[in-house]
Amino acid sequence: MCTGGCARCLGGTLIPLALFGFVANILLFFPGGKVIDDNDHLSQEVWFFGGILGSGVLMIFPALVFLGLKNNDCCGCCGNEGCGKRFAMFTSTIFAAVGFLGAGYSFIVSAVSINKGPKCLMANNTWGYPFHNGDYLNDEALWSKCQEPLKVVPWNLTLFSILLVVGGIQMVLCAIQVVNGLLGTLCGDCQCCGCCGGDGPV
């Protein structure tokens, strides 16, 4: 596959992933599917906006750049047939790096939150984190330590797991585009072959 076609494919995949991350983070503000009375009772990691910023906003821009490569003129600067396309591919590597960092941020926040467990009302009638080092992951009986909000443990675990997977996939896709963009910068895009009457690839 040509480097430009590969970038467009990656961009098309990143868009729905970014939306998944955005929605998952929004749902975390409603533990157990309920509106909470006091925002201080939400898990701290929810306020880090890993899915909204990392996997969401910071991923939309790279995805749009990748998709927009189809509209770049590969013959358009300084009389060099390949200059425009090569520059576009180089620019895409910068956006891919930004996307990788954003996805990595979401991935780390999600991993920390999964290990820490949700904030909830405990048996001593105080709000806190009753789990330690992910002990609840292998022992569902410990989930009863969280009295409120109802079903907050599976709710947080499911949504942060989604963000973890989404962030991991996004990191892989952005890493692929970094390599793909560098190849496009050095070797050009095969779709540019003959676009300005040239006889060979640029």
Side-chain angles (χ1 to χ4, degrees), residues 9-63 66 96-179:
C9 179
L10 294 174
T13 305
L14 286 173
I15 291 291
L17 287 174
L19 293 177
F20 276 126
F22 193 92
V23 171
N25 200 151
I26 292 294
L27 291 176
L28 284 168
F29 285 96
F30 305 94
K34 304 290 180 61
V35 177
I36 198 165
D37 295 331
D38 189 345
N39 287 336
D40 288 336
H41 295 165
L42 289 171
S43 298
Q44 185 180 23
E45 290 74 22
V46 175
W47 295 102
F48 292 167
F49 300 110
I52 295 175
L53 293 178
S55 290
V57 175
L58 288 179
M59 197 58 57
I60 291 295
F61 293 110
F66 302 163
V98 171
F100 182 89
L101 293 176
Y105 171 73
S106 179
F107 184 91
I108 292 172
V109 169
S110 301
V112 169
S113 183
I114 290 173
N115 183 67
K116 186 178 181 180
K119 188 175 186 179
C120 59
L121 181 65
M122 300 179 292
N124 58 4
N125 205 34
T126 60
W127 288 80
Y129 300 91
F131 308 119
H132 303 283
N133 296 322
D135 55 357
Y136 72 103
L137 295 174
N138 297 319
D139 188 358
E140 192 171 331
L142 294 176
W143 294 11
S144 61
K145 289 184 176 182
C146 279
Q147 298 180 352
E148 292 183 14
L150 294 176
K151 300 181 180 179
V152 66
V153 177
W155 184 268
N156 271 35
L157 180 58
T158 299
L159 292 175
F160 274 116
S161 295
I162 290 174
L163 288 175
L164 187 77
V165 172
V166 167
I169 294 174
Q170 288 174 329
M171 289 172 67
V172 171
L173 295 179
C174 287
I176 291 174
Q177 178 52 29
V178 169
V179 176

For L137 and L157: C-alpha separation, side-chain torsions, deciding distance, then whether side chain to side chain contact (heavy atoms under 4.5 Å, CB included) applies. CA-CA 9 Å; L137 295 174; L157 180 58; 3.6 Å; yes

For C146, what residues pass the disulfide bond (SG atoms under 2.5 Å apart) criterion, not counting sequence neighbours?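 Testing C146 for disulfide bond (SG atoms under 2.5 Å apart), a comparison that skips the adjacent residues, returns C120.
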
Begin with the C-alpha distance, continue with both residues' side-chain angles, and end with the deciding distance and a verdict on side chain to side chain contact (heavy atoms under 4.5 Å, CB included) for Y129 and Q44. CA-CA 10 Å; Y129 300 91; Q44 185 180 23; 3.5 Å; yes

With a sphere of 6.0 Å drawn around NZ of K145, does it hold more than 12 non-hydrogen atoms of other residues, nucleotides or ligands?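 More than 12 heavy atoms, drawn from other residues, nucleotides or ligands, come within 6.0 Å of this atom.
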
Is there a side-chain contact between [X] and [Y] in this structure, where contact means two heavy atoms from C-beta onward sitting under 4.5 Å apart?
X	Y	answer
C174	M59	yes
F48	N25	no
L14	F66	yes
L101	L58	no
P154	W143	yes

How would you list, by chain and number, every residue that makes a side-chain hydrogen bond (donor to acceptor under 3.5 Å, both in side chains) with W47, sequence neighbours excluded? none

Residues at least two apart in sequence or cross-chain that pass side-chain hydrogen bond (donor to acceptor under 3.5 Å, both in side chains) with S106, listed by chain then number, are S55

Indicate yes or no for a side-chain donor-acceptor contact from S110 to the backbone of S161 under 3.5 Å, with no hydrogens or angles considered.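 Not at all, since once roles are kept as given, no pair shorter than 3.5 Å links the two residues.
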
N133: what forms a side chain to side chain contact (heavy atoms under 4.5 Å, CB included) with it, not counting sequence neighbours? N115

Mind checking side chain to side chain contact (heavy atoms under 4.5 Å, CB included) for I26 and listing every partner two or more places apart, or none if nothing turns up?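 Only F22, F30, I52 meet the side chain to side chain contact (heavy atoms under 4.5 Å, CB included) criterion with I26.
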
Kindly determine whether W155 and L150 satisfy side chain to side chain contact (heavy atoms under 4.5 Å, CB included), including the steps that lead there. CA-CA 9 Å; W155 184 268; L150 294 176; over 6 Å; no

Could you give me the CA-CA distance, side-chain angles and deciding distance for E45 and V112, then say whether side chain to side chain contact (heavy atoms under 4.5 Å, CB included) is met? CA-CA 8 Å; E45 290 74 22; V112 169; 4.1 Å; yes

Interatomic spacing from [atom1] in [X] to [atom2] in [Y] - rounded to 0.5 Å:
X	Y	atom1	atom2	result
C9	Q177	SG	CD	10.5 Å
T158	L163	OG1	CG	11.0 Å
L10	L173	CG	CG	5.5 Å
L17	I60	CG	CD1	10.0 Å
F100	I176	CZ	CD1	11.5 Å

[X] versus [Y], closest heavy-atom pair with distance:
X	Y	value
P118	P130	O-CD, 3.8 Å
S43	N156	OG-ND2, 3.3 Å
F49	F29	CE2-CZ, 3.5 Å
I36	P149	CD1-CG, 4.2 Å

Applying ring-ring contact (aromatic ring centres under 6.0 Å, His included), can you list everything that pairs with F131, at least two apart in sequence or on another chain?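 For F131, the residues satisfying ring-ring contact (aromatic ring centres under 6.0 Å, His included) (neighbours in sequence not counted) are Y136.
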
